[in-house]
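A short write-up of the structure that comes next.
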2 protein chains.
Amino acid sequence: MISSWFHLNPRSGVPLYLQLKEQVKTAVAGGVLKPGDRLLPVREMADNLSVNPNTVARAYSELEREGLLSSEQGRGTFIRAAEPLLGEEERKIQVQGLMDKVLVEAFNLRLTPEELQLLWKQRLQAWETRLRGAKRGGW
Amino acid sequence: MISSWFHLNPRSGVPLYLQLKEQVKTAVAGGVLKPGDRLLPVREMADNLSVNPNTVARAYSELEREGLLSSEQGRGTFIRAAEPLLGEEERKIQVQGLMDKVLVEAFNLRLTPEELQLLWKQRLQAWETRLRGAKRGGW
DNA sequence: AAATATGTATTAATGTATTAATACAATTAT
DNA sequence: ATAATTGTATTAATACATTAATACATATTT
């Protein structure tokens with residue numbers, strides 16, 4: 001059962017709906033959840049995670065607004081297969097903004113460009129590996 | 001006057017103290033502010049930004065806790081020159097975490113590893129260029 | 001020594017975010 | 001058709017974050 005991979009920590013300081021959002025996003029980005037896959041119904045997921053159904057509903061609806069999920073009343077909630085909502089250029093700008101934040105943090109931590117470059121290479125490779133594994137149904 | 005580069009937007013949704021923190025961090029990472037440089041006193045900075053002195057004090061003290069600034073009662077607040085608070089390994093782990101968040105977002109935006117790699121290269125180069133400029137007193 | 005400049009601490013006012021309780025709407029299954 | 005399943009909307013309770021008001025402590029300057 002897919003949902004059992006999610007678990008929330010009510011004392012982490014991070015809002016429950018955000019924890020769920022991030023876990024879904026990570027699962028999709030990592031290929032654990034694939035386009036067309038169905039998520040548990042809000043109530044079932046809520047039971048599963050021991051939270052109020054609205055908390056799950058909020059996570060789902062925000063992810064839908066972001067283009068990751070597609071919810072249909074009466075039918076269920078699914079991983080969206082269609083094209084991203086944002087255009088190519090906007091998406092790149094968004095990612096660049098995130099990268100710049102990483103760079104600011106990294107330079108303030110006194111990492112050198114060389115160290116940074118090495119770390120990046122490693123992380124990117126780790127994800128590529130994971131993605132290849134997921135395509136073969138690794139999980 | 002250094003502080004005039006900062007300006008806050010009270011209606012942006014982002015807390016004032018966070019806006020200031022980020023701007024200081026960006027200035028330091030970009031070489032605009034260098035170790036030993038003095039920031040405006042809390043009251044003066046507050047006047048300048050039209051916020052309560054406590055708001056500035058909070059930004060300063062959090063940045064001090066993070067190792068970026070050094071505040072001394074009666075003397076002022078300065079860009080810290082000493083070694084980072086965290087050890088090499090911890091700093092790398094922190095940066096890796098940030099990189100992973102970028103990767104999750106990017107893959108969910110359907111960027112390919114190749115596109116990602118290109119963007120990264122561009123952003124890193126942009127920062128390296130800026131840093132070289134700052135060392136020659138470019139601003 | 002006194003005055004000034006500066007960072008720090010305490011408390012309170014206010015707004016916002018988070019979560020929950022509950023009812024509603026649409027689709028599907030019987 | 002009816003019941004069951006599922007997502008959606010509204011409202012409210014609560015907690016937390018943000019900012020401000022004010023007083024205090026330490027260093028520097030005169």
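Just so it is clear: chains get the letters A, B, ... in the order the sequence lines come, proteins before strands, and each one is counted from 1. Note that the structure is predicted; figures quoted are calculated from it, not measured.
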Do B/F6 and B/F78 share a hydrophobic cluster, counting only Ile, Leu, Val, Met, Phe, Trp and Tyr and linking them when any side-chain heavy atoms are less than 4.5 Å apart?
no
Would you indicate what B/Y17 reaches in the nucleic acid, counting non-hydrogen atoms under 4.0 angstrom: base, sugar-phosphate, or nothing?
sugar-phosphate
Would you check if the side chain of B/D37 reaches a backbone N or O of B/I79 as a donor-acceptor pair within less than 3.5 Å?
no
Salt-bridge present (B/E88, B/R91; N to O < 4.0 Å)
yes
Generate the contact string for nucleotides 21-30 of chain C. Rules: B means base contact, S means sugar-phosphate contact only, - means no protein heavy atom under 4.0 Å.
BB--BBSS--
Is the distance from OP1 or OP2 of D/dA20 to the nearest side-chain N or O of B/T55 less than 4.0 Å?
yes
A/V95 with B/L124, same ILVMFWY side-chain cluster at under 4.5 Å:
yes
Could you give the CD-to-C1' distance, from B/E64 to C/dT8, as a whole number of Å?
10 Å
Have a look at A/T77 and say if it touches a base, only the backbone sugar-phosphate, or nothing, with a 4.0 Å heavy-atom cut-off.
sugar-phosphate
Choose from D/dG7, C/dA20, C/dG7 the nucleotide whose nearest atom is closest to any side-chain atom of A/V51.
C/dA20
Would you mind reading off the distance between A/R65 atom CZ and D/dA9 atom P, rounded to a whole angstrom?
13 Å
Among residues at least two apart in sequence or on other chains, which ones pass side-chain hydrogen bond (donor to acceptor under 3.5 Å, both in side chains) with B/T77?
B/S71
Taking atom C1' of D/dC16 as reference, at what distance in whole Å does atom CZ of A/R11 sit?
18 Å
To the side chain of B/L16, which of C/dG7, C/dT6, D/dT19 is closest?
D/dT19
Out of D/dT6, C/dT6, D/dT19, which nucleotide sits closest to the side chain of B/E44?
C/dT6
Nearest nucleotide by nearest heavy atom, which residue falls closer to the 5' end of DNA chain D, A/A57 or A/G13?
A/A57
Measure from the side-chain heavy atoms of B/R38 and tell me the nearest of C/dT6, C/dG7, D/dT6.
C/dT6
Between C1' of C/dG7 and CG of B/D47, the distance in whole Å
16 Å
Shared-cluster residues of A/Y17, by chain and number - hydrophobic side chains joined below 4.5 Å
A/V14, A/L18
Of the listed D/dG7, D/dT19, C/dA20, the closest approach to the B/P15 side chain comes from D/dT19
Between A/L18 and B/G76, name the one whose nearest nucleotide on DNA chain C is closer to the 5' end.
B/G76
Quick one: A/N9 CG to C/dT19 P, roughly how many Å, whole number?
12 Å
Could you work out which one of C/dT19, C/dG7, D/dG7 sits closest to the side chain of A/R58?
C/dT19
